[in-house]
Undergrad: 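Handing you a structure now.
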Amino acid sequence: MLTLPFIRANQETTIADLQKKHFANAAEIVAQLIAQDDQRKALLQQAESALEKSNAAAKEIGALMQSGQKELAEGKRAETAALKASIKEMEEAAKAAEKELTDLLVTLPNLPHSSVPQGKTADDNEVVLTWGSLPELPADAQPHWDLIKKYDIIDFDLGNKITGAGFPVYKGKGARLQRALINFFLDEAIKAGYYEIQPPILINEESGFGTGQLPDKEGQMYVTKEEGLFLIPTAEVPITNLYRDVIVNEKELPIKNVGHTPCFRREAGSWGAHVRGLNRLHQFDKIEIVQIHKPENSYAALEEMSLHVQGLLQKLGLHYRVLRLCGGDMGFASALTYDMEAWSGAQNRWLEVSSVSNFETFQANRLKLRTKIDGKSILCHTLNGSALALPRIVASILENNQGPDGIKIPEALVPYTGFTHIN
RNA sequence: AGAGGGGUGUCCGAGUGGUUUAAGGAGCACGCUUGGAAAGCGUGUGUAGGUCUCAAGCUUACCGAGGGUUCGAAUCCCUUCCCCUCUACCA
């Protein structure tokens with residue numbers, strides 16, 4: 001959530017930045033926000049001065065009662081009683097104005113960083129770098145959805161039976177590969193100074209709001225019927241919300257947390273040929289890194305996180321590229337996002353395997369996550385990234401490493417899998 | 001899940017309708033004292049909003065959360081969340 005003082009002080013750039021993110025009617029909405037804020041302030045002042053009068057009168061009555069002047073007190077009481085209704089009305093009006101204002105403010109996306117390229121779609125993203133080279137594959141190379149059947153390691157039919165589409169069952173070496181990747185990614189993060197967290201994977205509404213999933217993306221999450229709890233779409237939600245309503249001691253910054261969780265996404269209406277197999281699932285495992293910083297350090301941290309993710313891909317020997325997302329393709333809450341895409345040999349295309357973002361104060365403002373610097377409380381910057389999401393990594397490893405001996409496990413993973421080939 | 005007891009500031013803790021403008025203590029910060037330290041003494045010590053060029057000041061809200069009663073609520077009532085004890089159940 002953007003802050004009103006910032007919008008007021010930077011109207012021109014706010015409008016231009018919103019347009020860069022292809023937010024419709026930016027100028028009108030900014031003007032409307034400011035008008036509503038003016039109105040809110042006026043109503044608030046009205047209500048507060050009425051309250052002040054009523055508080056003073058109540059105090060006077062108290063004093064009169066105490067000194068035994070009952071009749072004077074009774075008179076005063078009758079007088080003050082008449083104020084009540086109008087005070088209530090004013091308070092309600094002020095509250096309604098504030099809610100209206102917040103409801104509108106919450107619809108504004110975060111402003112993009114100056115380095116974010118102009119553009120509308122994924123085609124406009126900027127390729128920052130490409131690492132490695134195309135894998136050499138046999139002529140009869142198969143896509144991963146055939147390989148998993150050939151080696152009987154991931155079973156969609158069984159998942160269909162017990163749950164539904166998009167909930168695969170991992171079996172044998174497929175299950176062990178999952179576990180190996182999870183441990184490998186966690187260990188690498190811990191080596192890089194992250195602190196491991198195992199959060200709940202159901203979250204309440206406040207948490208959904210704190211990181212920006214609610215009220216907007218309600219349809220993306222599964223909800224429990226009785227309690228109204230949401231299954232997390234990413235560990236970012238619980239791990240970042242640990243710091244909701246917290247004033248972090250400056251000495252504790254930066255905070256670097258990592259957690260592995262399953263992630264649940266409804267992905268309503270997005271099924272088709274390009275989301276076959278492991279490319280898009282309703283449930284998948286992901287290791288998420290989350291950092292909290294003082295504002296001046298957050299962009300250095302973003303680069304560090306990007307390098308960490310790249311290090312993982314390099315150790316797995318996957319051909320990858322890094323994209324700087326354009327304004328139109330970025331997430332709602334992000335100020336700058338790097339996507340890492342791994343090459344999928346048999347599908348002949350790039351698969352997004354990580355997304356690393358700096359949210360600046362956007363989430364912190366919703367979370368009320370602050371720190372104190374020189375006695376002043378300021379909003380922290382939050383960042384997060386996948387390090388990494390499993391299914392597409394598995395797809396890439398299977399496709400890129402297939403050969404006559406079966407699928408070769410990347411060397412860095414062998415200590416974790418305990419086997420060198422899937423065959 | 002049933003019965004009972006609780007939730008007050010950074011922490012402990014008093015407070016069952018009106019100088020509570022949240023007592024008292026601890027902690028922390030600064031000062032005095034001291035050769036130095038401790039002790040002692042003094043002062044200060046939250047968050048958010050509004051007003052204000054800034055600061056100060058003034059003001060509103062905040063005693064788990066949300067509503068209500070009242071001229072006035074930490075205190076009374078309702079709803080809800082969380083914690084503790086016992087019972088039940090369970091991995």
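By convention in this document, chain letters (A, B, ...) are assigned in the order of the sequence lines, proteins followed by strands, and residues within each chain are numbered from 1.
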Undergrad: Partner of B:G4 by Watson-Crick or G-U wobble geometry, both contacts under 3.5 Å, or none?
TA: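 Check on B:G4: paired to B:C84, both distances under 3.5 Å.
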Undergrad: Can you check the distance between B:C62 and B:U20, where both ends of the measurement are the C1' atom (answer in whole Å)?
TA: 15 Å
Undergrad: Describe the nucleic acid contact of A:Ser49 in one word from base, sugar-phosphate, nothing, applying a heavy-atom distance below 4.0 Å.
TA: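 Touches nothing.
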Undergrad: According to the interplanar angle, ranging from 0 to 90°, do the rings of A:Tyr222 and A:Phe264 count as parallel (below 30°), tilted (30 to 60°) or perpendicular (above 60°)?
TA: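 Plane angle over 60°, so perpendicular.
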Undergrad: Scan A:Asp339, A:Thr337, A:Thr234 and name whichever one has a side-chain hydrogen bond (donor to acceptor under 3.5 Å, both in side chains) with A:Ser355.
TA: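 Filter result, single survivor: A:Asp339.
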Undergrad: I'd like to know if A:Lys171 and A:Asp155 make a salt bridge, using a cut-off of under 4.0 Å between side-chain N and carboxylate O.
TA: yes
Undergrad: Once you measure the plane-to-plane angle for A:His282 and A:Phe167, does it fall in the parallel (<30°), tilted (30-60°) or perpendicular (>60°) bin?
TA: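 Rings of A:His282 and A:Phe167: tilted, as their planes differ by 30° to 60°.
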Undergrad: Sort out the partner of B:C89 for me: Watson-Crick or G-U wobble, both distances under 3.5 Å, none otherwise.
TA: none
Undergrad: Going by purine N1 to pyrimidine N3 plus the second Watson-Crick contact, or the G-U wobble pair, all under 3.5 Å, which nucleotide sits opposite B:C28?
TA: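 By the stated definition (distances under 3.5 Å), B:G44 pairs with B:C28.
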Undergrad: Contact class for A:Lys95 (heavy atom, under 4.0 Å): base, sugar-phosphate, or nothing?
TA: sugar-phosphate
Undergrad: Can you tell me, in whole Å, how much space there is between the P of B:A14 and that of B:G64?
TA: 14 Å
Undergrad: What integer number of Å spans the C1' atoms of B:C89 and B:G2?
TA: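 The same atom, C1', in both gives a distance of 11 Å.
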Undergrad: List the atom of A:Tyr416, the atom of A:Ala180, and the distance in Å for their closest heavy-atom pair.
TA: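 A:Tyr416 and A:Ala180 have their closest heavy atoms at CB-CB, 3.5 Å.
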Undergrad: Using ring centroids (six-membered ring only for Trp), state whether A:Tyr299 and A:His113 fall under 6.0 Å.
TA: yes
Undergrad: Roughly how far apart, to the nearest Å, are B:U45 and B:G9 at atom C1'?
TA: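 So the two C1' atoms sit 11 Å from each other.
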Undergrad: Can the positive tip of A:Arg366 be found less than 6.0 Å from the middle of the six-membered ring of A:Phe209, inside 45° of the ring normal?
TA: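 Yes, a cation-pi geometry holds between A:Arg366 and A:Phe209.
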Undergrad: Taking B:A37 as the reference, what is the distance to B:G31 when you measure between their P atoms (whole Å, please)?
TA: 12 Å
Undergrad: Name the nucleic acid region contacted by A:Lys84, choosing base, sugar-phosphate or nothing; use a 4.0 angstrom heavy-atom cut-off, strictly under.
TA: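 Contact class for A:Lys84: base.
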Undergrad: Strictly by Watson-Crick or wobble contacts shorter than 3.5 Å, is anything paired with B:A55, and which nucleotide is it?
TA: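 Check on B:A55: unpaired, no WC or wobble geometry under 3.5 Å.
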Undergrad: With P as the reference atom in both, quote the distance from B:G5 to B:A23 in angstrom, rounded to an integer.
TA: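 After rounding to an integer number of Å, I get 29 Å for this pair.
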Undergrad: Could you tell me whether A:Lys256 and A:Glu304 make a salt bridge, using a distance below 4.0 angstrom between a side-chain N and a carboxylate O?
TA: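 Answer for the salt bridge query: yes.
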Undergrad: Could you pick out which residue, A:Gly62 or A:Ala57, lies toward the 5' side of RNA chain B when each is mapped onto its nearest nucleotide?
TA: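 The residue mapped nearer the 5' terminus is A:Gly62.
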Undergrad: Give A:Leu44 one of three labels, base, sugar-phosphate or nothing, depending on what nucleic acid heavy atoms sit under 4.0 Å from its own.
TA: sugar-phosphate
Undergrad: For chain A and RNA chain B, what are the first and last nucleotides along the strand, 5' to 3', with at least one atom under 4.0 angstrom from a heavy atom of the protein chain?
TA: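 Counting from the 5' end, contacts occupy B:G18 to B:G72.
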Undergrad: Please determine, for B:A38, whether a Watson-Crick or G-U wobble partner exists with both distances under 3.5 Å, and give it or none.
TA: none
Undergrad: Can you work out whether A:Asn55 or A:Ile247 has the more 5'-proximal nearest nucleotide on RNA chain B?
TA: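 Closest to the 5' end, via its nearest nucleotide, is A:Ile247.
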Undergrad: Using Watson-Crick or G-U wobble geometry with both distances under 3.5 Å, which nucleotide pairs with B:A65?
TA: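 Its partner is B:U79 (Watson-Crick or G-U wobble, both distances under 3.5 Å).
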Undergrad: Taking the C1' atom in each of B:U21 and B:A26, what is the distance between them to the nearest angstrom?
TA: 23 Å
Undergrad: Between B:G57 and B:G44, how many Å separate the two P atoms, rounded to a whole number?
TA: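 B:G57 and B:G44 have their P atoms separated by 12 Å.
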